[in-house]
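The structure displayed is predicted, hence computed values, not measured ones. Naming: A, B, ... by sequence-line order, numbering from 1 per chain.
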Number of protein chains: 2
Amino acid sequence: MNNKEKLRNAGLRPTKQRMIVADILLNGFNRHFTAENLQDEINSSGNSMSIATVYNCLKKFKNCGLIKQVETSKDTAIFDTNTDYHHHFLNEETGELIDIENEEISLHKIPEIPQGYLNNGIEVIIKLKRHN
Amino acid sequence: MNNKEKLRNAGLRPTKQRMIVADILLNGFNRHFTAENLQDEINSSGNSMSIATVYNCLKKFKNCGLIKQVETSKDTAIFDTNTDYHHHFLNEETGELIDIENEEISLHKIPEIPQGYLNNGIEVIIKLKRHN
DNA sequence: AAGTAGTTTAGAACGGTTTTAAAGTAAAAA
DNA sequence: TTTTTACTTTAAAACCGTTCTAAACTACTT
Ligand SMILES: [Mn+2]
Ligand SMILES: [Mn+2]
Ligand SMILES: [Zn+2]
Ligand SMILES: [Zn+2]
(Lines give C-alpha, C1' and ligand atoms only; values in the text may rest on other atoms or scores of the structure.)
(Ligands and ions follow the chains in the order given, each with its own letter.)
Protein backbone atom coordinates (compact mmCIF):
# COMPACT_ATOMS: atom_id res chain seq x y z
CA MET A 1 0.00 0.00 0.00
CA ASN A 2 1.44 3.35 -1.01
CA ASN A 3 1.25 6.49 1.11
CA LYS A 4 -1.65 7.99 -0.81
CA GLU A 5 -3.65 4.85 -0.12
CA LYS A 6 -2.62 4.88 3.52
CA LEU A 7 -3.95 8.40 3.90
CA ARG A 8 -7.17 7.67 2.06
CA ASN A 9 -7.58 4.53 4.08
CA ALA A 10 -7.23 6.56 7.26
CA GLY A 11 -9.89 8.98 6.04
CA LEU A 12 -7.43 11.79 5.33
CA ARG A 13 -7.24 13.78 2.12
CA PRO A 14 -3.86 13.20 0.54
CA THR A 15 -2.81 16.82 0.32
CA LYS A 16 0.65 17.84 -0.87
CA GLN A 17 1.69 18.55 2.72
CA ARG A 18 0.41 15.28 4.14
CA MET A 19 2.18 13.37 1.39
CA ILE A 20 5.46 15.10 2.23
CA VAL A 21 5.02 14.11 5.87
CA ALA A 22 3.95 10.58 4.99
CA ASP A 23 7.00 10.17 2.75
CA ILE A 24 9.21 11.02 5.71
CA LEU A 25 7.36 9.15 8.45
CA LEU A 26 5.78 6.13 6.82
CA ASN A 27 8.79 4.60 5.14
CA GLY A 28 9.20 1.61 7.42
CA PHE A 29 12.03 3.01 9.54
CA ASN A 30 10.82 3.82 13.03
CA ARG A 31 11.81 6.93 14.94
CA HIS A 32 10.98 9.21 17.83
CA PHE A 33 10.73 12.88 16.90
CA THR A 34 9.38 16.32 17.76
CA ALA A 35 7.35 18.66 15.57
CA GLU A 36 10.48 20.77 15.10
CA ASN A 37 12.59 17.73 14.13
CA LEU A 38 10.04 16.94 11.45
CA GLN A 39 9.90 20.50 10.13
CA ASP A 40 13.70 20.56 9.90
CA GLU A 41 13.65 17.35 7.91
CA ILE A 42 10.96 18.73 5.62
CA ASN A 43 13.09 21.82 5.04
CA SER A 44 16.23 19.83 4.32
CA SER A 45 14.31 17.71 1.80
CA GLY A 46 13.78 20.87 -0.25
CA ASN A 47 10.20 21.37 0.83
CA SER A 48 8.74 23.72 3.41
CA MET A 49 5.75 23.76 5.68
CA SER A 50 4.36 26.12 8.27
CA ILE A 51 4.70 24.95 11.84
CA ALA A 52 0.90 25.10 12.20
CA THR A 53 0.57 22.60 9.37
CA VAL A 54 3.19 20.36 10.92
CA TYR A 55 1.15 20.30 14.15
CA ASN A 56 -2.16 19.89 12.31
CA CYS A 57 -0.73 17.00 10.39
CA LEU A 58 0.74 15.28 13.45
CA LYS A 59 -2.57 15.60 15.27
CA LYS A 60 -4.47 14.04 12.35
CA PHE A 61 -1.91 11.26 11.90
CA LYS A 62 -2.06 10.55 15.62
CA ASN A 63 -5.86 10.47 15.74
CA CYS A 64 -5.86 8.04 12.80
CA GLY A 65 -3.33 5.80 14.49
CA LEU A 66 -0.65 6.37 11.85
CA ILE A 67 1.70 7.56 14.61
CA LYS A 68 1.66 7.66 18.41
CA GLN A 69 2.69 10.17 21.04
CA VAL A 70 4.98 8.99 23.82
CA GLU A 71 3.99 9.54 27.44
CA THR A 72 6.86 11.58 28.85
CA SER A 73 6.99 14.70 30.96
CA LYS A 74 9.48 16.43 28.68
CA ASP A 75 8.56 20.00 27.73
CA THR A 76 8.27 19.07 24.04
CA ALA A 77 5.88 16.48 22.65
CA ILE A 78 7.60 13.33 21.34
CA PHE A 79 5.97 11.39 18.53
CA ASP A 80 6.66 7.82 17.50
CA THR A 81 6.24 6.10 14.14
CA ASN A 82 6.24 2.73 15.87
CA THR A 83 2.53 2.12 16.35
CA ASP A 84 2.96 -1.41 17.67
CA TYR A 85 2.26 -1.93 21.33
CA HIS A 86 5.67 -1.31 22.90
CA HIS A 87 7.55 0.43 25.70
CA HIS A 88 10.58 2.68 26.20
CA PHE A 89 13.86 3.26 27.86
CA LEU A 90 14.21 6.97 28.65
CA ASN A 91 17.56 8.64 29.15
CA GLU A 92 16.42 11.45 31.39
CA GLU A 93 19.55 13.52 30.84
CA THR A 94 19.32 13.65 27.06
CA GLY A 95 15.65 12.83 26.52
CA GLU A 96 16.63 9.98 24.20
CA LEU A 97 14.09 7.16 23.87
CA ILE A 98 14.83 3.56 22.94
CA ASP A 99 12.10 1.10 22.02
CA ILE A 100 11.38 -1.95 24.14
CA GLU A 101 9.45 -4.48 22.11
CA ASN A 102 6.40 -6.01 23.70
CA GLU A 103 8.04 -9.45 24.01
CA GLU A 104 10.98 -8.02 25.96
CA ILE A 105 8.84 -7.15 28.93
CA SER A 106 6.08 -8.92 30.78
CA LEU A 107 3.62 -7.63 33.30
CA HIS A 108 2.81 -10.55 35.52
CA LYS A 109 0.13 -8.95 37.64
CA ILE A 110 -1.84 -5.78 37.05
CA PRO A 111 -4.31 -4.16 39.43
CA GLU A 112 -8.03 -4.24 38.99
CA ILE A 113 -9.26 -1.49 36.64
CA PRO A 114 -11.41 1.08 38.50
CA GLN A 115 -15.21 0.75 38.16
CA GLY A 116 -16.58 2.17 34.95
CA TYR A 117 -13.25 2.28 33.13
CA LEU A 118 -11.39 0.15 30.62
CA ASN A 119 -7.70 -0.50 30.22
CA ASN A 120 -6.79 1.70 27.26
CA GLY A 121 -3.11 0.81 26.99
CA ILE A 122 -0.18 0.34 29.32
CA GLU A 123 3.05 2.28 28.94
CA VAL A 124 6.19 1.22 30.74
CA ILE A 125 9.07 3.67 30.94
CA ILE A 126 12.41 2.46 32.24
CA LYS A 127 14.40 5.54 33.18
CA LEU A 128 18.13 5.29 32.61
CA LYS A 129 21.05 7.06 34.13
CA ARG A 130 24.59 6.82 32.94
CA HIS A 131 26.67 4.27 34.82
CA ASN A 132 29.43 6.32 36.52
CA MET B 1 10.31 14.72 62.56
CA ASN B 2 8.76 18.15 62.02
CA ASN B 3 8.82 20.02 58.73
CA LYS B 4 11.68 22.31 59.72
CA GLU B 5 13.77 19.25 60.44
CA LYS B 6 12.72 17.64 57.19
CA LEU B 7 13.90 20.67 55.26
CA ARG B 8 17.18 20.93 57.16
CA ASN B 9 17.70 17.23 56.73
CA ALA B 10 17.22 17.62 52.99
CA GLY B 11 19.80 20.42 52.93
CA LEU B 12 17.24 23.18 52.40
CA ARG B 13 17.02 26.39 54.40
CA PRO B 14 13.68 26.44 56.17
CA THR B 15 12.50 29.76 54.78
CA LYS B 16 9.02 31.09 55.48
CA GLN B 17 7.90 30.11 51.97
CA ARG B 18 9.30 26.59 52.13
CA MET B 19 7.62 26.05 55.48
CA ILE B 20 4.27 27.11 54.04
CA VAL B 21 4.72 24.63 51.19
CA ALA B 22 5.93 21.89 53.53
CA ASP B 23 2.91 22.42 55.78
CA ILE B 24 0.65 21.80 52.79
CA LEU B 25 2.54 18.97 51.12
CA LEU B 26 4.26 17.02 53.87
CA ASN B 27 1.30 16.30 56.11
CA GLY B 28 0.98 12.58 55.40
CA PHE B 29 -1.88 12.82 52.92
CA ASN B 30 -0.74 12.06 49.40
CA ARG B 31 -1.84 13.97 46.34
CA HIS B 32 -1.13 14.77 42.73
CA PHE B 33 -1.02 18.48 41.94
CA THR B 34 0.19 21.22 39.61
CA ALA B 35 2.14 24.36 40.52
CA GLU B 36 -1.05 26.35 40.10
CA ASN B 37 -3.04 23.99 42.34
CA LEU B 38 -0.45 24.54 45.05
CA GLN B 39 -0.45 28.32 44.67
CA ASP B 40 -4.24 28.35 44.93
CA GLU B 41 -4.05 26.34 48.13
CA ILE B 42 -1.39 28.68 49.52
CA ASN B 43 -3.65 31.64 48.73
CA SER B 44 -6.68 30.07 50.33
CA SER B 45 -4.67 29.34 53.47
CA GLY B 46 -4.26 33.10 53.91
CA ASN B 47 -0.71 33.19 52.64
CA SER B 48 0.63 34.21 49.25
CA MET B 49 3.59 33.35 47.13
CA SER B 50 4.88 34.38 43.72
CA ILE B 51 4.57 31.74 41.04
CA ALA B 52 8.36 31.84 40.56
CA THR B 53 8.82 30.85 44.19
CA VAL B 54 6.27 28.08 43.86
CA TYR B 55 8.27 26.68 40.95
CA ASN B 56 11.63 27.22 42.68
CA CYS B 57 10.32 25.43 45.71
CA LEU B 58 8.90 22.49 43.77
CA LYS B 59 12.18 22.07 41.92
CA LYS B 60 14.15 22.01 45.18
CA PHE B 61 11.71 19.65 46.85
CA LYS B 62 11.87 17.38 43.84
CA ASN B 63 15.66 17.37 43.69
CA CYS B 64 15.76 16.49 47.38
CA GLY B 65 13.31 13.67 46.92
CA LEU B 66 10.63 15.25 49.10
CA ILE B 67 8.23 15.03 46.15
CA LYS B 68 8.24 13.43 42.70
CA GLN B 69 7.12 14.50 39.26
CA VAL B 70 4.88 12.13 37.34
CA GLU B 71 5.86 11.07 33.83
CA THR B 72 2.91 12.19 31.71
CA SER B 73 2.69 14.06 28.45
CA LYS B 74 0.12 16.54 29.73
CA ASP B 75 0.92 20.19 29.03
CA THR B 76 1.19 20.98 32.74
CA ALA B 77 3.67 19.35 35.09
CA ILE B 78 2.10 17.05 37.69
CA PHE B 79 3.79 16.59 41.04
CA ASP B 80 3.25 13.81 43.55
CA THR B 81 3.75 13.77 47.32
CA ASN B 82 3.87 9.99 47.25
CA THR B 83 7.60 9.35 47.02
CA ASP B 84 7.30 5.60 47.43
CA TYR B 85 8.03 3.52 44.38
CA HIS B 86 4.62 3.28 42.74
CA HIS B 87 2.69 3.55 39.48
CA HIS B 88 -0.43 5.23 38.07
CA PHE B 89 -3.72 4.89 36.36
CA LEU B 90 -4.20 7.85 34.02
CA ASN B 91 -7.60 9.00 32.87
CA GLU B 92 -6.55 10.58 29.60
CA GLU B 93 -9.76 12.57 29.23
CA THR B 94 -9.57 14.35 32.55
CA GLY B 95 -5.87 13.99 33.36
CA GLU B 96 -6.76 12.43 36.71
CA LEU B 97 -4.12 10.14 38.22
CA ILE B 98 -4.72 7.29 40.65
CA ASP B 99 -1.92 5.59 42.54
CA ILE B 100 -1.06 1.96 41.97
CA GLU B 101 0.94 0.64 44.89
CA ASN B 102 4.06 -1.31 44.10
CA GLU B 103 2.55 -4.59 45.38
CA GLU B 104 -0.42 -4.28 43.02
CA ILE B 105 1.70 -4.73 39.96
CA SER B 106 4.55 -7.03 39.06
CA LEU B 107 6.97 -6.89 36.20
CA HIS B 108 7.92 -10.45 35.49
CA LYS B 109 10.54 -9.84 32.85
CA ILE B 110 12.39 -6.67 31.95
CA PRO B 111 14.83 -6.18 29.09
CA GLU B 112 18.55 -5.92 29.49
CA ILE B 113 19.64 -2.38 30.36
CA PRO B 114 21.72 -0.81 27.55
CA GLN B 115 25.52 -0.81 27.95
CA GLY B 116 26.80 1.94 30.21
CA TYR B 117 23.46 2.69 31.81
CA LEU B 118 21.65 1.83 35.02
CA ASN B 119 17.97 1.28 35.70
CA ASN B 120 16.97 4.53 37.40
CA GLY B 121 13.32 3.72 38.05
CA ILE B 122 10.43 2.14 36.21
CA GLU B 123 7.12 3.93 35.70
CA VAL B 124 4.05 2.07 34.59
CA ILE B 125 1.09 4.07 33.34
CA ILE B 126 -2.20 2.30 32.75
CA LYS B 127 -4.30 4.56 30.58
CA LEU B 128 -8.02 4.45 31.23
CA LYS B 129 -10.99 5.25 29.11
CA ARG B 130 -14.54 5.43 30.31
CA HIS B 131 -16.49 2.23 29.77
CA ASN B 132 -19.30 3.20 27.30
C1' DA C 1 -17.43 24.15 -14.34
C1' DA C 2 -19.30 25.52 -10.08
C1' DG C 3 -19.98 24.76 -5.39
C1' DT C 4 -18.50 23.28 -0.80
C1' DA C 5 -16.09 21.45 2.65
C1' DG C 6 -11.65 20.79 4.19
C1' DT C 7 -6.71 22.54 4.42
C1' DT C 8 -2.78 25.60 4.65
C1' DT C 9 -0.61 29.64 6.22
C1' DA C 10 1.52 33.82 8.61
C1' DG C 11 1.13 35.77 12.38
C1' DA C 12 -0.97 36.60 16.77
C1' DA C 13 -2.25 34.68 20.98
C1' DC C 14 -1.86 31.56 24.70
C1' DG C 15 -0.20 29.18 28.86
C1' DG C 16 3.16 27.01 31.48
C1' DT C 17 7.75 27.74 32.93
C1' DT C 18 12.20 30.11 33.42
C1' DT C 19 15.01 34.17 33.65
C1' DT C 20 16.29 38.67 35.31
C1' DA C 21 17.91 41.68 38.53
C1' DA C 22 16.95 44.00 42.61
C1' DA C 23 15.46 43.66 47.44
C1' DG C 24 15.20 40.65 51.36
C1' DT C 25 16.59 36.93 54.61
C1' DA C 26 19.18 33.06 56.79
C1' DA C 27 23.37 31.32 58.18
C1' DA C 28 28.39 31.93 58.96
C1' DA C 29 32.25 34.64 60.31
C1' DA C 30 34.26 37.99 62.97
C1' DT D 1 26.35 41.22 68.18
C1' DT D 2 27.64 43.02 64.09
C1' DT D 3 29.19 42.16 59.70
C1' DT D 4 29.63 39.53 55.83
C1' DT D 5 28.34 36.14 52.71
C1' DA D 6 25.54 33.16 50.27
C1' DC D 7 21.05 32.04 49.31
C1' DT D 8 16.10 33.20 48.45
C1' DT D 9 12.10 35.75 47.02
C1' DT D 10 9.73 38.63 43.90
C1' DA D 11 7.41 41.22 39.97
C1' DA D 12 7.94 41.54 35.64
C1' DA D 13 9.68 40.25 31.34
C1' DA D 14 11.15 36.72 28.42
C1' DC D 15 10.81 32.30 26.53
C1' DC D 16 9.08 28.53 23.92
C1' DG D 17 6.05 24.93 22.50
C1' DT D 18 1.54 24.82 20.89
C1' DT D 19 -3.02 26.50 19.36
C1' DC D 20 -5.99 29.94 17.31
C1' DT D 21 -7.52 33.23 13.74
C1' DA D 22 -9.07 34.38 9.51
C1' DA D 23 -7.99 34.77 4.84
C1' DA D 24 -6.25 32.33 0.73
C1' DC D 25 -6.10 27.96 -1.33
C1' DT D 26 -7.15 23.13 -2.81
C1' DA D 27 -9.40 18.60 -3.05
C1' DC D 28 -13.47 16.51 -3.79
C1' DT D 29 -18.55 16.45 -5.11
C1' DT D 30 -22.28 17.74 -7.95
MN1 LIG E 1 5.79 21.06 30.94
MN1 LIG F 1 3.65 19.91 25.69
ZN1 LIG G 1 8.89 3.92 20.48
ZN1 LIG H 1 1.17 8.93 42.65
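Judged as a ring-ring contact (aromatic ring centres under 6.0 Å, His included), and not counting sequence neighbours, A:Tyr117 has no contacts.
Listed pair A:Lys60 / C:dG6 fails the phosphate criterion, with no side-chain N or O lying under 4.0 Å from OP1 or OP2. Regarding contacts with the backbone of D:dT18, every side-chain N or O of A:Lys59 stays at 4.0 angstrom or more from both OP1 and OP2. Taking side-chain N and O atoms only, A:Arg8 has a distance below 4.0 Å to OP1 or OP2 of D:dC28. Between C:dG16 and B:Thr34, no contact under 4.0 Å exists linking OP1 or OP2 to a side-chain N or O. An OP1 or OP2 oxygen of D:dT9 is reached within less than 4.0 angstrom by no side-chain nitrogen or oxygen of B:Thr53.
Nearest-nucleotide positions on DNA chain C for B:Phe79 and B:Lys16 put B:Phe79 closer to the 5' end. Nearest-nucleotide positions on DNA chain C place B:Asn56 closer to the 5' end than the other of B:Pro14 and B:Asn56. Nearer to the 5' terminus of DNA chain D, by closest-nucleotide assignment, is the contact made by B:Arg13 (compared with the other of B:Arg13 and B:Ser50).
Atoms CD (B:Gln39) and P (C:dG16) sit 11 Å apart, rounded to a whole Å. Summarising the geometry, the separation between CG on B:Leu12 and C1' on C:dA26 is reported as 13 Å, rounded to the nearest angstrom. Spacing between atom OH of A:Tyr55 and atom P of D:dC16 amounts to 13 Å, rounded to whole angstrom units. Between the CD atom of A:Glu36 and the C1' atom of D:dC15 there is a distance of 13 Å, rounded to whole Å. Regarding A:Leu38, its CG atom lies at a distance of 12 Å from the P atom of D:dT18, rounded to whole Å. If you take NZ of B:Lys4 and P of C:dT25, they are 15 Å apart, rounded to a whole angstrom. Distance A:Gln17 CD to D:dA24 P: 18 Å, rounded to the nearest Å. We find that NZ of A:Lys62 is positioned 11 Å from P of D:dT18, with the value rounded to whole Å.
Ring to ring, A:His87 and A:Phe89 are not that close: their centroids are 6.0 angstrom or more apart.
Within a 6.0 Å sphere centred on NZ of B:Lys6, other residues, nucleotides and ligands contribute more than 12 heavy atoms.
Closest contact between the side chain of B:Thr76 and the listed nucleotides C:dG16, D:dT9, D:dC7 involves C:dG16. Nearest to the side-chain atoms of A:Arg18 among the listed nucleotides D:dC20, C:dT7, D:dT9 stands C:dT7. With D:dA27, D:dC7, C:dT8 as the choices, the nucleotide that has an atom nearest any side-chain atom of A:Thr15 turns out to be C:dT8. Nearest nucleotide to the side chain of A:Ala77, out of D:dT8, C:dA5, D:dT18: D:dT18.
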Counting only pairs under 3.5 Å, give me each side-chain donor-acceptor contact of residues 37-44 of chain A, with atom names and distances, residues two or more places apart or in other chains.
from    : atom 1 : to      : atom 2 : distance (Å)
A:Asn37 : OD1    : A:Thr34 : N      : 2.8
A:Asn37 : OD1    : A:Thr34 : OG1    : 3.2
A:Asn37 : ND2    : A:Thr34 : OG1    : 3.3
A:Gln39 : NE2    : A:Met49 : O      : 2.8
A:Glu41 : OE1    : A:Arg31 : NH2    : 2.8
A:Glu41 : OE2    : A:Arg31 : NH2    : 3.1
A:Asn43 : ND2    : A:Gln39 : O      : 3.4
A:Ser44 : OG     : A:Asp40 : O      : 3.2
A:Ser44 : OG     : A:Glu41 : O      : 3.3

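By the 4.5 Å heavy-atom criterion applied to side chains, A:Val70 and A:Ile125 are not counted as neighbours.
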